[in-house]
Amino acid sequence: MIRRKTVLLLSAFAAFVLSCCPRGGNSGFYEADALYFNASARDWVMGTGRLYPETVPSPPAAPKGYVPVYLSHYGRHGSRYMDGKNGYGLVSEVLRRAAADGRLTPLGKDIWAKYSAALPYLSGRTGELTPLGALQQRQIARRMVDNYPRLFRKGARVVANSTNLERTMLSMCNFNQALLQSHPWLDIHADAGRLMMGHINQHSPENPKVTPEDVQWKSADAPWRPEFDRYCGRLLHWEAFCSMMFDDMEYVRSICDPVRFERDYFAVAKNLPSCPVEDCGLFRAVPDEEQELLGRLENYTFYVEKSLWPGGNGRGCYLSEAVLGDIMAHVAEDLRDGVSVRLRFGHDGCIMALFALMGMDGWSDVPEDPERAWEYWDVSRIPMACNFQLVFFAPRRSAAKPVEEELLVMMMLNEEPVALPLKEVPASGRNEAFTPEATSMRRNGSGPYYRWSDFVEHYTPILDNARMHLAQ
């Protein structure tokens, strides 16, 4: 376990490394902790590449007579460079060759000129946290302190755990650094050891319940991939896309798989807003209608991997019992030991799978045809630096020694309240039936709040059922 001094050193190192990142042609790109990138694609199309909101509303006030006593957090790493092997290089190789052969349109030439100028600042950084990703974590941490100052007063203890990938560890370091900048007295314990991996990334081999088949299910040679590739071929209009940049479609066929190239190109276009480079204008080559179709593909893949899709075995979802179980197991322990905040830093698919297990609104639908997944699953709700926070409240009279049976809990997704499939406890103290239409749209005001005892009662059998399926 890493004590506060070590956290300070790690955080300082993280800040130094990120401050040395090249900034493309715009030397003032991240001045004053601001972002100056204009990507012309709407949020839904960006999927999990969507940038974290620049502004978020203030959280609801605590229920009358209650004060915050504990916060349990799970956060995706901040904005990163592409995590696919040779992601930038595959696209650049096609454009480079076409440029050399004189087969690019005027738009293609302009895009290649801008993109090739940006490549030196992208190459060799596969999957790493970008400066923007570090900024996102610092801003979320600062708002957490502002929203719940009682949890960070002198004597407060914070526990932070991360998966052992560089981008999640640096996300944790930047988050902790921001906490310590405003509250240097905090006692922060940080860890990124392998023993924690299975409780934060439930799909990692470090989880003892993960099988070789589970690893294959989310790999490039998963058994569902051939049908997905055929779906891409039926769905996309590669000729309309490629004609924007190339002057001969037979030539395109001769140098690449055009459907694969279109998908890779779109992945790069969605990623560049996270990176410290000038806007290369890649979206100019992708008509709006084609962007909509491409946006469906990410929903398909995550749905098949992480949901209770009838065509799969559900293990990608059931493995989330590790995360939910860890959250539930630590509440009483942390309250007893004086831990006021528990932080976890992981990944997008982990959050989706957990929400599917929890029956969260928008994640519990299971269409038989994964081609319809985009109608239900909206993966853009899990942007870069996505996070959820379970905020616990106790009656003011017992706040010093909270009684578990008296706790109320509110769930925040990306710092906005979201509904749980439980009976709501409004500020008035009355129980009301769960109504997704009403509560999922609530943004400010009073809640929604739930009794922690109801949460435990509801999710304990769900955990038991998931563990039973995993043991089969």
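No hydrogens, no waters, no symmetry mates; every other heavy atom, side chains included, goes into these values.
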Heavy-atom donor-acceptor pair, [X] side chain to [Y] backbone, under 3.5 Å:
X: Tyr52; Y: Cys386; value: no
X: Gln291; Y: Val286; value: yes
X: Thr211; Y: Asp214; value: yes
X: Arg50; Y: Pro383; value: no
X: Arg76; Y: Thr48; value: yes
X: Asn176; Y: Ala160; value: no

Taking the six-membered ring for Trp, are the ring centroids of Tyr450 and His458 within less than 6.0 Å of each other?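 Distance test on ring centres: not under 6.0 Å, no.
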
His199-Tyr74 aromatic ring centre distance below 6.0 Å: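 Ring-ring flag for His199/Tyr74: false, centres at least 6.0 Å apart.
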
For Asp348 and Val379, run side chain to side chain contact (heavy atoms under 4.5 Å, CB included): C-alpha distance rounded to whole Å, both residues' side-chain angles, the deciding distance at 0.1 Å, then the answer. CA-CA 9 Å; Asp348 49 5; Val379 299; over 6 Å; no

Does the side chain of [X] pick up a donor-acceptor pair with the side chain of [Y] at under 3.5 Å?
X: Thr163; Y: Thr168; value: yes
X: Asn387; Y: Gln389; value: yes
X: His189; Y: Asp191; value: no
X: Glu371; Y: Tyr303; value: no
X: Ser453; Y: Glu405; value: no
X: Asn174; Y: Arg138; value: yes
X: Gln136; Y: Ser79; value: yes

Could you check whether the rings of [X] and [Y] sit parallel, tilted or perpendicular, using 30° and 60° as the cut-offs?
X: Trp309; Y: Trp217; result: tilted
X: Trp224; Y: Phe228; result: perpendicular
X: Tyr231; Y: Tyr300; result: parallel

Any Lys/Arg nitrogen of [X] or [Y] sitting under 4.0 Å from an Asp/Glu carboxylate oxygen of the other?
X: Arg234; Y: Glu227; result: yes
X: Arg344; Y: Asp326; result: yes
X: Glu128; Y: Arg80; result: no
X: Glu457; Y: Arg451; result: no
X: Arg42; Y: Glu292; result: yes

Which pairs pass side-chain hydrogen bond (donor to acceptor under 3.5 Å, both in side chains) with one or both residues in residues 146-155, sequence neighbours excluded? none

Please list all pairs passing the ring-ring contact (aromatic ring centres under 6.0 Å, His included) test where one or both residues lie in residues 317-343, with sequence neighbours left out. Tyr318-His469

ring-ring contact (aromatic ring centres under 6.0 Å, His included) contacts in which one or both residues fall within residues 391-418, not counting sequence neighbours: Tyr70-Phe392, Phe392-Trp452, Phe393-Tyr449

Reported [atom1]-to-[atom2] distance for the pair [X] and [Y], which is rounded to 0.5 angstrom:
X: Leu165; Y: Ser171; atom1: CG; atom2: OG; result: 10.5 Å
X: Asn414; Y: Glu416; atom1: CG; atom2: CD; result: 7.5 Å
X: Gln139; Y: Thr55; atom1: CD; atom2: OG1; result: 10.5 Å

Side chain to side chain contact (heavy atoms under 4.5 Å, CB included), that's the test. Do Ile200 and Phe345 meet it? Break it down for me. CA-CA 7 Å; Ile200 304 176; Phe345 295 87; 5.9 Å; no

Close side-chain approach of [X] to [Y], heavy-atom, < 4.5 Å:
X: Val158; Y: Arg342; result: no
X: Met197; Y: Asn207; result: no
X: Tyr81; Y: Leu122; result: yes
X: Leu335; Y: Val69; result: yes
X: Asn299; Y: Glu375; result: no
X: Arg381; Y: Trp363; result: yes
X: Phe152; Y: Ser340; result: no
X: Phe388; Y: Leu354; result: yes

Show your reasoning for whether side chain to side chain contact (heavy atoms under 4.5 Å, CB included) applies to Cys350 and Gln202. CA-CA 7 Å; Cys350 302; Gln202 64 269 41; 3.3 Å; yes

What verdict does the side chain to side chain contact (heavy atoms under 4.5 Å, CB included) test give for Leu297 and Trp374, after you've listed the backbone C-alpha separation in whole Å, the side-chain angles of each residue and the deciding distance to 0.1 Å? CA-CA 8 Å; Leu297 302 182; Trp374 66 274; over 6 Å; no

Kindly give the heavy-atom pair with the smallest separation between Val391 and Pro68, and that separation in Å.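 Heavy atoms of Val391 and Pro68 come nearest at CG1-CB, 4.5 Å.
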
Do you know which two heavy atoms are closest between Pro402 and Leu407, and how far apart they sit?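 Heavy atoms of Pro402 and Leu407 come nearest at CB-CD2, 4.2 Å.
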
Which residues pass the side-chain hydrogen bond (donor to acceptor under 3.5 Å, both in side chains) test with Asn271, not counting sequence neighbours? Tyr88

Residues in side-chain hydrogen bond (donor to acceptor under 3.5 Å, both in side chains) contact with Arg336, at least two apart in sequence or another chain: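 Counting only residues at least two positions away or on another chain, Arg336 forms no side-chain hydrogen bond (donor to acceptor under 3.5 Å, both in side chains).
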
Pairs satisfying salt bridge (Lys or Arg N to Asp or Glu O under 4.0 Å), at least one member in residues 295-306, at least two apart: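 Those involving residues 295-306 are Arg225-Glu305, Lys270-Glu298.
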
Answer yes or no: are there more than 12 heavy-atom neighbours, outside Glu368 itself, under 6.0 Å from its atom CD?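 No.
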
Yes or no on salt bridge (charged side-chain N to carboxylate O under 4.0 Å, His left out) for Arg263 and Asp229, after CA distance, side-chain angles and deciding distance? CA-CA 11 Å; Arg263 290 164 55 190; Asp229 290 337; 3.4 Å; yes

Go through Arg397 and Glu406 one step at a time and tell me if the salt bridge (charged side-chain N to carboxylate O under 4.0 Å, His left out) criterion holds. CA-CA 11 Å; Arg397 58 175 167 72; Glu406 296 181 337; 3.0 Å; yes

Give the intermediate values and the outcome of salt bridge (charged side-chain N to carboxylate O under 4.0 Å, His left out) for residues Glu321 and Lys209. CA-CA 10 Å; Glu321 60 84 21; Lys209 296 180 182 178; 2.9 Å; yes

